[in-house]
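Encoded as structure tokens, the structure appears first; notes follow it.
Every value quoted in this text rests on a predicted model; they were computed, and no experiment measured them.
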There are 2 protein chains.
Amino acid sequence: MTKASRSKTAPAKGDEEGTRARILNVALQEFSRLGLSGARIDAIAAESGLNKAMIYYHFGSKEQLYVAALKESYQRFREIEGALEVDGALEPEQALRKLVGASFDFHAAHPEFVRMVMGENINQGEYISKIPELRAINHSAIALLEHVCQRGVAEGVFRADVDPVDLHMSISALSFYNVSNRHTFSFIFGRDLGAADVHAARRASVVDTILRAVRAP
Amino acid sequence: MTKASRSKTAPAKGDEEGTRARILNVALQEFSRLGLSGARIDAIAAESGLNKAMIYYHFGSKEQLYVAALKESYQRFREIEGALEVDGALEPEQALRKLVGASFDFHAAHPEFVRMVMGENINQGEYISKIPELRAINHSAIALLEHVCQRGVAEGVFRADVDPVDLHMSISALSFYNVSNRHTFSFIFGRDLGAADVHAARRASVVDTILRAVRAP
DNA sequence: GTCTATACATGGATAGAC
DNA sequence: GTCTATCCATGTATAGAC
């Protein structure tokens with residue numbers, strides 16, 4: 001009996017998503033909202049329309065479920081990043097603009113990813129270190145950046161001494177902070193970062209900041 | 001009997017710091033390490049060399065203790081920021097360099113502050129909103145930035161259309177992320193952000209990025 | 001695979017003596 | 001103000017039936 005031992009009863013029910021997948025989706029939301037310690041297995045069970053025993057049957061423990069959710073979170077991130085096509089006809093400047101804008105938009109559109117990463121940093125990276133597959137997760141992003149930088153240097157529009165990983169870090173920081181620190185920032189400065197005009201202005205500022213950082217001389 | 005009802009026995013004991021202050025210090029560390037839900041009253045009591053009842057006597061509840069720690073955290077931040085003297089003889093460029101470097105250094109030197117802010121954003125700012133005094137916390141930083149910008153514009157070295165709050169946000173983002181996402185970033189890129197040379201290079205990059213963002217034209 | 005019922009530990013909070 | 005002892009709700013995890 002191999003892994004695919006769900007011999008019959010392939011359920012064509014409307015909500016057929018698979019129990020495991022349903023749990024995982026709910027868990028991702030719950031952990032991202034409340035962190036590892038704040039999330040409750042009871043709540044995940046209830047929200048999934050299941051019972052606690054099912055969660056332990058499929059995932060073993062709260063921590064293993066958390067690791068699965070963390071992994072899933074990063075993998076979704078990779079999928080969307082991977083779908084970015086940027087080369088082709090675009091000038092290096094325009095290509096970089098597109099990359100930065102996409103990063104900013106992705107973070108804004110996926111606060112649950114941002115929150116998972118925040119939570120895992122609160123955990124001091126204890127659990128992500130158990131998922132070596134994620135090591136490669138951003139390498140394609142770096143490769144893309146590197147390629148764009150090289151083209152820019154060749155055309156004489158970008159500086160030659162830009163480190164792609166350092167540049168990636170700046171792009172991530174500006175994209176990430178905008179979501180991660182939204183609540184405290186909005187409170188302290190009375191500027192609602194969720195508002196459309198504020199958001200658009202910030203986006204433009206971030207893209208501009210990165211472009212200026214790489215532009216020659 | 002007024003507030004100061006500790007009539008006699010003003011204890012000259014070596015560790016005289018005040019019970020309340022001792023609890024608060026330990027709580028700040030504990031909440032910053034583990035977040036509101038992850039922190040344990042038992043652990044705070046033990047670490048303080050006290051018992052749980054004392055905590056409830058002085059602070060009422062876990063959440064009130066958390067709010068006190070959050071407030072304390074921001075107030076220490078303000079103190080250090082407030083001590084920054086930047087005007088005087090410095091050129092606008094040099095003044096801004098100093099400001100950005102100080103922000104970067106402060107965050108690096110105070111991971112517990114960064115972590116408290118992360119945790120509170122996980123809480124969606126629910127508790128900071130109960131501390132209206134903190135609204136003004138960064139206004140002096142903004143005023144300083146604004147003044148430097150104005151001088152730079154007057155001398156023709158800075159752009160005229162820089163928004164001080166937006167600029168402050170970029171400085172904070174680059175300073176904050178470096179600490180907040182240290183663990184996941186180090187894991188994924190295999191670059192230890194704690195290492196002295198990496199840290200110094202990143203600092204230089206951040207200062208440079210901000211300077212380029214404001215420089216005319 | 002899925003459920004109900006329950007074991008068992010933990011954690012926030014309080015009572016009451018000193 | 002400070003302590004010990006304890007209450008009670010909650011939360012992770014499992015046993016065992018279907």
Side-chain angles (χ1 to χ4, degrees), chain A residues 1-27 30-31 33-69 119 123 126-127, chain B residues 1-27 30-31 33-69 119 123 126-127:
Chain A
M1 219 175 305
T2 62
K3 196 72 170 294
S5 52
R6 50 207 168 89
S7 31
K8 41 212 139 190
T9 57
K13 300 199 302 185
D15 65 342
E16 185 44 28
E17 176 194 7
T19 300
R20 204 191 135 90
R22 188 153 74 248
I23 294 171
L24 195 54
N25 280 326
V26 173
E30 194 77 1
F31 283 125
R33 259 201 285 275
L34 302 163
L36 170 55
S37 56
R40 295 289 169 252
I41 294 289
D42 287 270
I44 294 171
E47 184 77 16
S48 307
L50 295 164
N51 49 73
K52 291 191 281 186
M54 281 311 295
I55 293 176
Y56 288 98
Y57 175 78
H58 282 286
F59 292 93
S61 72
K62 184 185 185 181
E63 264 151 34
Q64 286 174 293
L65 176 58
Y66 169 76
V67 170
N123 298 336
E126 179 181 341
Y127 300 94
Chain B
M1 220 174 302
T2 61
K3 197 70 171 295
S5 52
R6 53 207 166 91
S7 31
K8 40 212 141 189
T9 54
K13 300 201 300 186
D15 64 345
E16 186 43 30
E17 174 194 12
T19 300
R20 203 191 135 90
R22 188 155 71 249
I23 294 171
L24 196 54
N25 281 325
V26 174
E30 194 77 1
F31 283 124
R33 259 200 286 274
L34 302 163
L36 171 54
S37 56
R40 296 289 168 253
I41 295 290
D42 287 88
I44 295 171
E47 184 77 16
S48 307
L50 294 165
N51 49 74
K52 290 194 281 185
M54 281 310 296
I55 292 176
Y56 289 97
Y57 175 79
H58 282 286
F59 291 92
S61 71
K62 184 186 185 182
E63 264 151 34
Q64 286 175 293
L65 176 57
Y66 170 75
V67 169
N123 298 336
E126 178 180 342
Y127 300 92

>> Of the options dT12(D), dA13(C), dG1(C), whose atoms approach the side-chain atoms of His58(A) most closely?
In response: dG1(C)

> According to a strict under-4.0 Å criterion, is Thr19(B) in side-chain N/O contact with OP1 or OP2 of dT2(D)?
Replying inline: yes

> Which dot-bracket notation, 5' to 3', represents the base pairing of DNA chain D when pairs are defined as Watson-Crick or G-U with both distances under 3.5 Å, crossing pairs as [ ], and inter-strand pairs as |?
Replying inline: ||||||||||||||||||

> Separation of Phe59(B) atom CZ from dG12(C) atom C1', in whole Å?
Replying inline: 16 Å

>> Rounded to whole Å, how long is the line connecting atom CD of Glu30(B) with atom P of dG11(C)?
In response: 11 Å

> Given Glu30(B), which of Asn25(B), Ile41(B), Ile44(B), Leu65(B) fulfils the side-chain contact (heavy atoms from CB on, under 4.5 Å) condition?
Replying inline: Ile44(B)

> Do you know which two heavy atoms are closest between Glu17(B) and Ala21(B), and how far apart they sit?
Replying inline: O-CB, 3.3 Å

>> Nearest whole Å is fine: how far is dT10(D) C1' from Ile41(B) CD1?
In response: 16 Å

>> Whether the side chain of Asn51(A) engages the backbone of Met54(A) through a donor-acceptor N/O pair (distance < 3.5 Å, no angle test) should be reported.
In response: yes

>> Can you tell me whether the side chain of Lys52(B) and the base of dG12(C) have a donor-acceptor pair closer than 3.5 Å?
In response: yes

> Has Asn51(A) got a side-chain N or O lying under 4.0 Å from the OP1 or OP2 atom of dT2(C)?
Replying inline: no

>> Tell me whether the side-chain N/O atoms of Arg40(A) come closer than 4.0 Å to OP1 or OP2 in dT10(D).
In response: no

> Starting at CZ of Phe31(B) and ending at C1' of dG11(C), how long is that distance when rounded to a whole Å?
Replying inline: 13 Å

>> With rounding to the nearest 0.5 angstrom, report the CG to CD1 distance, Asp42(B) to Ile55(B).
In response: 8.5 Å

> Within this structure, what is the CG-to-C1' distance between Leu50(B) and dT4(D), rounded to whole angstrom?
Replying inline: 14 Å

> Starting at NZ of Lys62(A) and ending at P of dG11(D), how long is that distance when rounded to a whole Å?
Replying inline: 9 Å

>> Please pick, from dT12(D), dC3(C), dG12(C), the nucleotide with the shortest atom-to-atom distance to any side-chain atom of Met54(A).
In response: dC3(C)

>> Give me the atom names and distance for the closest heavy-atom approach of Lys62(A) to Tyr56(A).
In response: N-CE2, 4.2 Å

> In whole angstrom, what separates Ile55(A)'s CD1 from dT4(C)'s C1'?
Replying inline: 15 Å

> Can you tell me how far P of dG11(C) sits from CG of Leu65(B), to the nearest Å?
Replying inline: 16 Å

> Of the candidate nucleotides dG11(D), dC3(C), dT2(D), which contains the atom at the shortest distance from the side chain of Tyr57(B)?
Replying inline: dT2(D)

> Nearest to the side chain of Asp42(A) - dT12(D), dG12(C), dG1(C)?
Replying inline: dT12(D)

> To the nearest 0.5 Å, how far apart are CD in Glu63(B) and CG in Leu36(B)?
Replying inline: 6.0 Å

> So which one's nearest nucleotide on DNA chain D is more toward 5', Ala53(A) or Ala39(A)?
Replying inline: Ala39(A)

> Given dG12(C), dA13(C), dT14(D), which nucleotide is nearest the side-chain atoms of Tyr56(A)?
Replying inline: dT14(D)

> How long is the span from the CD atom in Glu126(B) to the OH atom in Tyr66(B), to the nearest 0.5 Å?
Replying inline: 9.0 Å

> Looking only at heavy atoms, which two atoms of Ser48(A) and Ile23(A) are closest? And how far apart?
Replying inline: OG-CA, 4.0 Å

